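Model, not experiment: these values are computed from the prediction. Every heavy atom of this structure was used, including side-chain atoms; hydrogens, water molecules and symmetry mates were not.
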Amino acid sequence: MTRTEPAGTALGDEFHLYDTTLRDGAQREGISYSVTDKLAVARLLDELGVGFIEGGWPGALPKDTEFFAKAAGELSLKHAVLVAFGATRKAGTSAEKDPQVRALLDSRAPAVTLVAKSDLRHIERALKVEVAEACEMVRDTVEFLVREGRRVFVDLEHFFDGYAFSRDTALRVADAAAGAGADVVVLCDTNGGQLPLGLAETVREVKDRTGFRLGIHCQDDTSCAVANSIAAVQAGATHVQCTANGYGERAGNADLFAVTGNLVAKLGMEVLPTGNAAELTRVSHALAEIANIAPYAHQAYVGASAFAHKAGLHASAIKVDPLLYNHIDPPSVGNDMRVLVTEMAGRASLELKGRELGVDLAGRPEALTSAVHKVKRLEAEGWSFEAADASLELLLRREAGEALEEPPFVLESYRVVLDHRADGEIVSEATVKVHVGGQRVIATAEGNGPVHALDAALREALTPHLSWLDSVELADYKVRILPGHPGTDAVTRVLVETTDGSREWTTVGVHGNIVEASWLALCDALVHKSLRVRT
């Protein structure tokens, strides 16, 4: 079984940075992760160095069950421990016989987080059981999972409201969890209604009364989730649950990047592997792309405007000392200070990313400078490479002067038409003219949309000449309308995720015409695959 201890941080198991983007964060209105998306999110979080990644609720949601099945064979985590989320057993049965609890074991996740009601009103009105039975449900489930070799955390739902209403009940449930072997008792502000001073007082009081290891999970309904999380840590919590960019239902959850930035920069806590705080901005934006949500420019630490200053008084002071108007050094969290409108890509981040992608820019300062300028120019035009590693790799290789050899094909022209037929059927038809394998090839195909038709025509033209093309499939397709142009004149950014059955890669295209944006992304996808075939 996969190890159950987080690795790579100076604090080790003394402090847990716990992410629940794939479960609690996925409850945000407008987010719908595919299984492929969930695997990509988990990889990025692991790259950042979080200690625990909650992958979802296996047994309750088919997509989450599939995710854990795939994760067991495809997800190789360097820093994080994968966690399955679920509920305690139902009343009137045993944990061993409860199919939902069994599903947690079947997920093969080395750690499990259980949700348990700790508010007397919820126990009596929602569970409709006595407090003693609610405690037994917790105790039985935790003991069973611990016997089966799982590390167990218990989320005490509605804890702060429940503690205010009936302290005895809330503490009895907490005692049942800790007494049965739960590693951490997590105090949840489920309704998000707490304020920092009152929450910290409760955390401190519970810690003093019980001596249990405590965690914190905050919703953002008062816009205090980050502040509440930090206050809880200062009051003694050593396990903090967050979501990427604060995603979550209603007003959201505590933002992983703001919480981590505060822990590292303000409290001096080494909760990430050495140097990984500089990856906060990159990972935040990459996760936003996967969620198909525009990054929030004014987000603390990682937003494009987090260290942006207008000309005038600020600019003159910044010329003397940038820290006069920046609360931290922006590159320490992977961001950049801006006086005028610029993009965030910097030499260090591109050099590190190039190394990750197998492109050595360290000894090529001119190529690195050129790449930085090109990335900034393209991002100013609406391109985004944070979630499109394949397109970025091609750009860096070209700027580094590496010979990519001949592309797998050369476009002569393409044409797409829309046929709205009398019976109401709408069919797109595409014709491509390409040069491949020393031949000029013309192919035509139909599709249920212009991009589908274009992809089909391109495949028909290239398949006889590229032996690997049959294994390549379009896995995902995302479109975003970029700000700056009104209505139908908008610029479109397209992200295309492609797979060959063994790996996935993402490419990007930007244009005022959605078909051309898609074409650029599709071409990069094939060029990237061709490069891998040759190497």
Review point. For Phe85 and Leu61, what are the C-alpha separation, side-chain angles and deciding distance, and is it a side chain to side chain contact (heavy atoms under 4.5 Å, CB included)?
Key: CA-CA 11 Å; Phe85 178 88; Leu61 300 173; over 6 Å; no

Exercise for review: For residues Leu44 and Ala286, report the shortest heavy-atom separation together with the two atoms involved.
Suggested key: CD1-CB, 3.8 Å

Point to revise | Under 3.5 Å: donor-acceptor pair, side chain of Thr21, backbone of Gly25 | key: no

Practice item. Say whether Thr20 and Gln241, considering side chains only, have a donor N or O and an acceptor N or O under 3.5 Å apart. Key: no

Point to revise | Flag for His217-Asp24: side-chain donor and acceptor within less than 3.5 Å | key: yes

Check your understanding: Would the number of heavy atoms belonging to other residues, nucleotides or ligands and lying under 6.0 Å from CD of Glu270 be above 12?
Key -> no

Point to revise | Any side-chain heavy-atom pair of Ile328 and Phe307 under 4.5 Å | key: yes

Point to revise | Sidechain-backbone polar pair: Ser370 side chain, Glu399 backbone, donor-acceptor under 3.5 Å | key: no

**Study point:** Arg23/Asp64 salt bridge by N-O under 4.0 Å criterion
**Key:** no

Check your understanding: Distance from Thr499 atom OG1 to Glu504 atom CD, nearest 0.5 Å?
Key -> 4.5 Å

Review point. Taking it one step at a time, do Asn245 and Gln299 satisfy side chain to side chain contact (heavy atoms under 4.5 Å, CB included)?
Key: CA-CA 8 Å; Asn245 303 318; Gln299 188 175 354; 3.0 Å; yes

Revision key, fill the gap. For Arg459 and Val472, the nearest pair of non-hydrogen atoms, with its separation, is NH2-O, 2.7 Å

Practice item. State whether the number of non-hydrogen atoms from other residues, nucleotides or ligands found under 6.0 Å of Arg250 atom CZ is greater than 12. Key: yes

Point to revise | Over all atoms of both residues, closest heavy-atom pair of Ala453 and Ser428 | key: CB-O, 3.6 Å

**Study point:** Point-to-point distance, once rounded to the nearest 0.5 Å, from OG1 of Thr463 to CH2 of Trp468
**Key:** 9.5 Å

Review point. Rounded to the nearest 0.5 Å, what separation is found between the OG1 atom of Thr260 and the CE atom of Met269?
Key: 10.5 Å

Check your understanding: Got more than 12 heavy atoms from elsewhere within 6.0 Å of CD, Glu29?
Key -> no

**Study point:** Carboxylate-amine/guanidinium contact Arg493 Glu289, below 4.0 Å
**Key:** yes

Review point. Which atom names give the shortest non-hydrogen contact between Thr507 and Ala390, and what distance separates them?
Key: CG2-CB, 3.6 Å

**Study point:** Interatomic distance, Glu47 atom CD to Arg282 atom CZ [nearest 0.5 angstrom]
**Key:** 5.0 Å

Exercise for review: Show your reasoning for whether side chain to side chain contact (heavy atoms under 4.5 Å, CB included) applies to Val240 and Val271.
Suggested key: CA-CA 11 Å; Val240 60; Val271 298; over 6 Å; no

Check your understanding: Below 4.5 Å, heavy atoms only, C-beta onward: do Val259 and Leu263 meet side chain to side chain?
Key -> yes

Check your understanding: So, Asn262 side chain and Ala258 main chain: donor-acceptor pair closer than 3.5 Å or not?
Key -> yes

Point to revise | Atom of Ile31, atom of Ala291 and distance for their closest heavy-atom approach | key: CD1-CB, 4.1 Å

Point to revise | Side-chain (Asp46) to main-chain (Ala80) donor-acceptor, under 3.5 angstrom | key: yes

Practice item. Take Thr492 and Asn513 through the side chain to side chain contact (heavy atoms under 4.5 Å, CB included) test and state the conclusion after the steps. Key: CA-CA 7 Å; Thr492 301; Asn513 185 301; over 6 Å; no

Check your understanding: Quick check: does any side chain N or O of His465 sit under 3.5 Å from a backbone N or O of Pro408, one acting as donor and the other as acceptor?
Key -> no

Review point. Under 4.5 Å between any side-chain heavy atoms of Tyr414 and Glu516, yes or no?
Key: yes

Check your understanding: Sub-3.5 Å donor-acceptor pair from the side chain of Ser518 to the main-chain atoms of Ile514, do we have one?
Key -> yes

Point to revise | Spacing of Gln439 atom CD and Phe409 atom CZ [to the nearest 0.5 Å] | key: 15.5 Å

Check your understanding: Considering all heavy atoms of both residues, which atom of Ala278 and which atom of Pro331 are nearest to each other, and what is their separation?
Key -> CB-O, 3.7 Å

Review point. What distance do His373 atom NE2 and Lys376 atom NZ have between them, rounded to the nearest 0.5 Å?
Key: 7.5 Å

Practice item. For the pair Glu497 (side chain) and Tyr477 (backbone), establish whether a donor and an acceptor sit closer than 3.5 Å, ignoring hydrogens and angles. Key: no

Review point. With distance as the sole test, does Asn335 use its side chain to make a donor-acceptor pair with the main-chain N or O of Thr281 at under 3.5 Å?
Key: no

Point to revise | His79 side chain near Val50 side chain, heavy-atom distance below 4.5 Å | key: no

Check your understanding: Hey, are Ser471 and Asp500 close enough side-chain-wise for a donor-acceptor pair under 3.5 Å?
Key -> no

Point to revise | Heavy-atom side-chain contact between Leu75 and Arg43 under 4.5 Å | key: yes

Review point. Can the ring centres of His327 and Tyr301 be said to be less than 6.0 Å apart?
Key: yes

Review point. Does Ser34 offer a backbone N or O that forms a donor-acceptor pair with the side chain of Asp37 under 3.5 Å?
Key: yes

Exercise for review: On the 0 to 90° scale, with breaks at 30° and 60°, tag the Phe385-Trp383 ring pair as parallel, tilted or perpendicular.
Suggested key: parallel

Check your understanding: Got a donor-acceptor contact below 3.5 angstrom from the Arg364 side chain to the Ala400 backbone?
Key -> yes

